[in-house]
Amino acid sequence: MTAPISSFTPGVLAHSDAARVGFAPRCARFSLRARGDLAPLEAALGLSLPTRIGQRVTAGERQLLCLGPDEWVLHAPERDGAAITAACAGVYADHPHSLVDISGREVSFVIDGPRGAELLTLGCARDLDSIAVGEGRRTLFDGATVILWRDGDTSFRLDCWNSFATHLFHLLDTGVRELAAESL
Amino acid sequence: MLLIHCPYCNETLPEVEFAYASEAHIARPAKPSDVSDEDWAEFLFMRSNVKGPLYERWRHIHGCGRFFNAVRDTVTDKFLTTYKAGDPRPDLSSLTEGLK
Ligand SMILES: [Zn+2]
């Protein structure tokens with residue numbers, strides 16, 4: 001059964017001694033695509049655009065992750081969304097780019113706990129050790145494209161499309177209990 | 001599972017992040033309306049189907065999103081190299097030298 005996404009409320013959704021899965025509060029999310037001279041966009045947004053895939057920058061409450069050679073994802077508080085849209089619109093005429101509001105498209109799970117990294121290996125084929133703390137990557141988790149933000153050794157945020165959230169949570173929820181049931 | 005090197009991410013990653021995208025270095029005719037039906041069919045449908053090293057396109061669809069090119073041996077499934085889209089086709093002898 002697919003439950004509507006509104007059935008998740010921010011807070012802890014599942015936890016055990018091994019790991020914990022939470023649902024992050026709503027935020028403003030943007031997909032940014034740009035090439036060429038990035039300086040005007042950087043000035044408009046008040047942050048630098050990292051060019052190495054996986055690299056992140058934080059400026060105040062704005063967080064930005066480089067996903068591809070000309071692609072970034074930007075998270076900010078909801079109240080900041082209009083300012084970001086306006087700032088980029090201001091440089092659009094001279095520096096064409098694409099800024100798309102994807103706030104309604106994606107949600108984030110917060111994964112932590114002593115075996116948080118291990119929990120992610122249930123659905124992710126990638127070697128998580130290749131994502132350094134403070135970096136992020138787009139990858140595949142249990143068949144769905146996700147963005148992983150590694151905030152700590154065992155703490156992650158996982159962005160996914162709304163429509164996959166219930167499906168992904170089922171696996172995470174099972175994993176949280178399964179890891180706790182294992183005797184080490 | 002195959003591990004594939006993405007020349008944009010500069011990382012070697014599981015194949016599930018990638019999608020195969022057919023043979024590489026097949027140029028679309030600049031003016032399709034000038035091309036005969038036979039030549040257009042040739043462009044659309046005919047591929048070399050080699051047994052051995054094949055120049056092919058891949059896309060890092062669940063990663064950086066980029067198309068790139070690879071040389072893969074269709075017999076062994078071994079990737080001889082990967083390189084960015086637009087880069088010249090690498091010389092085959094330089095890739096297979098170490099394998100002999
Ligand atoms: Zn890539």
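Lettering follows sequence order; numbering is per chain, from 1. In what follows, every heavy atom counts, from backbone to side chain, and hydrogens, waters and symmetry copies are set aside. This structure is a prediction, so every number in the text was calculated from the model and none was measured.
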same_hphob_cluster(B:Phe67, B:Tyr8) at 4.5 Å side-chain heavy-atom cutoff
no
Which one wins on heavy-atom pair count under 4.5 Å against chain B: A:Gly68, A:Ala125, A:Cys66, A:Gly54?
A:Ala125
CZ/A:Arg20: more than 12 non-hydrogen atoms of other groups inside 6.0 Å
no
Could you walk me through whether A:Asp70 and B:Arg66 pass the side-chain contact (heavy atoms from CB on, under 4.5 Å) check?
CA-CA 10 Å; A:Asp70 60 0; B:Arg66 281 304 164 126; 2.9 Å; yes
Work out which heavy atom in B:Cys64 is nearest to a heavy atom in A:Glu71; give both atom names and the distance.
O-OE1, 4.1 Å
Just wondering, are more than 12 heavy atoms of other shown residues or ligands nearer than 6.0 Å to NE2 in A:His97?
yes
Does atom CE of B:Met46 have more than 12 heavy-atom neighbours, drawn from other residues, nucleotides or ligands, at distances under 6.0 Å?
no
Closest-packed option against chain B by number of heavy-atom pairs under 4.5 Å, given A:Ile53, A:Leu140, A:Leu67, A:Val146
A:Leu140
Atom CG of B:Asn49 with >12 non-hydrogen neighbours under 6.0 angstrom
no
B:Glu17 vs A:Arg138, salt bridge (Lys or Arg N to Asp or Glu O under 4.0 Å): CA-CA, chis, key distance, verdict
CA-CA 9 Å; B:Glu17 290 194 4; A:Arg138 185 158 52 197; over 6 Å; no
If you round to the nearest 0.5 Å, how far is CG of B:Leu13 from CG of A:Asp127?
9.5 Å
Part of B:Glu15 within contact of chain A (heavy atom distance under 4.5 Å)
neither
If I measure from the heavy atoms of chain B, does A:Arg126 come under 4.5 Å with its side chain, its backbone, both, or neither?
both
Whether over 12 other heavy atoms sit under 6.0 Å from A:Arg35 CZ:
no
In terms of heavy-atom contacts, does OH of A:Tyr92 have more than 12 from other residues, nucleotides or ligands at under 6.0 Å?
no
Measure the shortest side-chain to side-chain distance between B:His62 and A:Thr139 over non-hydrogen atoms and say whether it is less than 4.5 angstrom.
no
